Number of protein chains: 2
Amino acid sequence: MEIKQVILVRRDLKMPKGKMAAQVGHGCVDCALLAKKNKNQIFNEWYESGMKKVVLYVEDLDEMIKFKNIFDRENIINSMIKDAGRTCFSQPTITVLAVGPEKEEELDKYVKDLKLV
Amino acid sequence: MEIKQVILVRRDLKMPKGKMAAQVGHGCVDCALLAKKNKNQIFNEWYESGMKKVVLYVEDLDEMIKFKNIFDRENIINSMIKDAGRTCFSQPTITVLAVGPEKEEELDKYVKDLKLV
């Protein structure tokens, strides 16, 4: 059984790649710390197996929120990242939703149709 | 005093942005966990101030190793990430060097001339 994180990125923001990488980094750290605290066994399995991560596009904020509601309902660790809006964006902007670590088959129920970044 | 992470990315690999984001994510998580364990005060300051991250280019593996040697010598937390080589790369490949969280002025002594991704 594989454990992974998935990070959903808003396609509509057309982030430059350095910005996108930093936002994905925020999300990965936030979710990893949540998992270490609250789902220690799954965190350890993920950590020891190489911390698999997959970065996927959602179209926009509406689609991201739809996914967030699903993960909240299913009690799957997730973290929505809001950029402060001091560099690329002129105002605070929600950029990515990081999810897991969680069992791959559980996540794939919801995200299997999303496209890789 | 600001605390930040910097993540050095190999420019010569020309990684697609999803791949780059995942590799940066690996590095950020690895260093954050090291800091939480070994430099708890600096970790907490960084975490509570929004986990600043800056993604910078190095030209190639040689330049990355030069930086790693400096950070090891200066006892600055860092983690070099090796991709397993199952997707983008045909063999295991060192992709990024994540550094810190550490005091901004301390990191900038070494990385101030590097270009933003």
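Only a predicted model underlies this, so the values are computations on that prediction, with no experimental measurement involved. Order of the sequence lines fixes the chain letters, A, B, ..., with proteins taken first and strands second; residue numbering starts at 1 for each chain.
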*Between A/K17 (side chain) and B/M15 (backbone), is there a donor-acceptor pair under 3.5 Å?*
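Checked: pair present.
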Single-linkage hydrophobic cluster, 4.5 Å side-chain cutoff, [X] and [Y] together:
{"X": "A/I3", "Y": "A/F43", "value": "yes"}
{"X": "B/L97", "Y": "B/I76", "value": "yes"}
{"X": "A/I94", "Y": "A/L56", "value": "yes"}

_Nearest atoms (heavy-atom pairs only) where A/A32 meets B/V29_ =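 The answer is CB-CG1, 3.8 Å.
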Within 6.0 angstrom of [X] [atom1], more than 12 heavy atoms from elsewhere:
{"X": "A/K36", "atom1": "NZ", "result": "no"}
{"X": "B/K103", "atom1": "NZ", "result": "no"}
{"X": "A/R86", "atom1": "CZ", "result": "no"}

*What option among B/A84, B/G27, B/C28 has the most heavy-atom pairs under 4.5 Å with chain A?*
B/C28
*Would you mind telling me which of B/K19, B/M20, B/H26 has the largest number of heavy-atom pairs within less than 4.5 Å of chain A?*
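Greatest number of close heavy-atom pairs with chain A: B/H26.
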*Which atoms of A/L33 approach chain B - backbone, side chain, both or neither, heavy atom under 4.5 Å*: side chain
*Is it the side chain or the backbone of A/A22 that comes within 4.5 Å of chain B heavy atoms, both, or neither?*
both
*By a 4.5 Å heavy-atom criterion (distance strictly below it), what part of B/V55 contacts chain A: side chain, backbone, both, or neither?*
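B/V55 touches chain A through side-chain heavy atoms alone.
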